[in-house]
Protein chains: 2
Amino acid sequence: MNVIRPFTSTVERLRSAGLRPTRQRLALAKALFENGDRHVTAEILHGETQAKGIRVSLATIYNTLHQFTEAGLLREIVVDAQRCYFDTNTSEHHHYYHEKSGMLEDMDIASDMLAAIPTPKGKKIKQVDIIVRTED
Amino acid sequence: MNVIRPFTSTVERLRSAGLRPTRQRLALAKALFENGDRHVTAEILHGETQAKGIRVSLATIYNTLHQFTEAGLLREIVVDAQRCYFDTNTSEHHHYYHEKSGMLEDMDIASDMLAAIPTPKGKKIKQVDIIVRTED
DNA sequence: GTGTTTGCAAAGTGTTTGCAATTTA
DNA sequence: TAAATTGCAAACACTTTGCAAACAC
């Protein structure tokens, strides 16, 4: 017999990443993945959950963001020594960073452009990050 | 009449950047610019000056690195949320970052590759940073 | 029940700042 | 001498950690 189970796909997403679908992780996953591509910091997520009346501590948000990143659900983007972004779009793409506003924006660029990048001897390329900083 | 003046070119470099050639700035400029291209953090520079018996406080090193950057003598490179590098090579070029070792290495890449990067509407590109992260 | 996860507060890291003392020109 | 610069220690912002209580299965 069936029971109505909300967020089944989010639950499954967490389970297949090997993460127990706790209340906190579900709330964060919902905020992250149910509204299209997002660029968030821990602070932003914390503010959002608080605004919705969901109690998730900042420490848990940090931990969860890293767990999601390790699980391949998020990609971390380093733009600035004191602002750590996580991108829900984990496919290969690059960014504009508008420093004044602190806004991060996806960039459209032909991925074959990266063919020009030489591989360093004896090393394997793990990730290529292109950040175009704009004046604002 | 002439007096023997050591480090004249470093002195001039500072003066033309509008910075008084103090003992501390001279020591840092020497360490930075008299040994070819370098990638340094504040900690590295601090360690070096201490090893040489030159007394420069960490606060002054941070301040000086930023003054040099504003003056165009250095370029700041953000690779990692807790490691801020300064590059003595201010010309357009990009980097490999070997995460495990924390080593930053210059990359040779055709600069016309960057022609493919679209300018965002209504904004001006200030700087393009390409960081190729390697496994190690 | 058992192992996992959470929240809190404390600790940590790298950086910046306020201000008196020092140095430069 | 006047203005700029320095060093210290304290403040800072952001992030991580230790551990007891709460939770998932």
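In this text the structure is predicted, and so the values were computed from the model without any measurement. We name chains A, B, ... by the order of the sequence lines, and we start the count at 1 in each one.
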Just say parallel, tilted or perpendicular for the rings of Tyr96(B) and His98(B), cut-offs at 30° and 60°. parallel
For dT6(D), the Watson-Crick or wobble counterpart (both distances under 3.5 Å): dA20(C)
In whole angstroms, the gap separating P of dT5(D) from CD of Glu70(B) amounts to 12 Å
I want to know whether Phe86(A) and His66(A) have ring centres closer than 6.0 Å. yes
Residues in residues 80-88 of chain B with a heavy atom under 4.0 Å of DNA chain C, by number, are Gln82(B), Cys84(B)
Tell me the interatomic distance from Leu65(A), atom CG, to dC14(D), atom C1', rounded to whole angstroms. 13 Å
List the steps, then state whether side-chain hydrogen bond (donor to acceptor under 3.5 Å, both in side chains) holds for Gln24(B) with Thr64(B). CA-CA 9 Å; Gln24(B) 291 86 340; Thr64(B) 303; over 6 Å; no
Are any non-hydrogen side-chain atoms of Asp129(B) and Gln127(B) less than 4.5 angstrom apart? yes
Using a 4.5 Å cut-off on heavy atoms from C-beta on, say whether the side chain of Val132(A) contacts that of His94(A). no
Per the under-4.0 Å heavy-atom filter, residues of residues 41-54 of chain A near DNA chain D come out as none
More than 12 heavy atoms of other groups within 6.0 Å of Lys52(A) NZ: yes
After noting the C-alpha distance and the side-chain angles of Arg75(A) and Glu92(A), does the key distance pass the salt bridge (charged side-chain N to carboxylate O under 4.0 Å, His left out) rule? CA-CA 10 Å; Arg75(A) 172 174 167 183; Glu92(A) 179 171 305; over 6 Å; no
Salt bridge flag under 4.0 Å for residues Lys121(B) and Glu105(A): yes
Before accepting this row, confirm whether a basic side-chain N of the pair Lys126(A)/Glu99(B) lies closer than 4.0 Å to the acidic partner's carboxylate O. yes
Show the numbers, then the answer: is there a side-chain hydrogen bond (donor to acceptor under 3.5 Å, both in side chains) between Tyr97(B) and Arg83(B)? CA-CA 11 Å; Tyr97(B) 182 53; Arg83(B) 219 179 317 228; 3.2 Å; yes
Would you say dT16(D) has OP1 or OP2 under 4.0 Å from some side-chain N or O of His66(A)? yes
Between protein and nucleotides 5-11 of chain C, map the contacts as a letter string: B base, S sugar-phosphate only, - none, heavy atoms under 4.0 Å, written 5' to 3'. SSBB---
Mate of dA24(D) across any strand shown (Watson-Crick or G-U wobble, both atom pairs under 3.5 Å) is dT2(C)
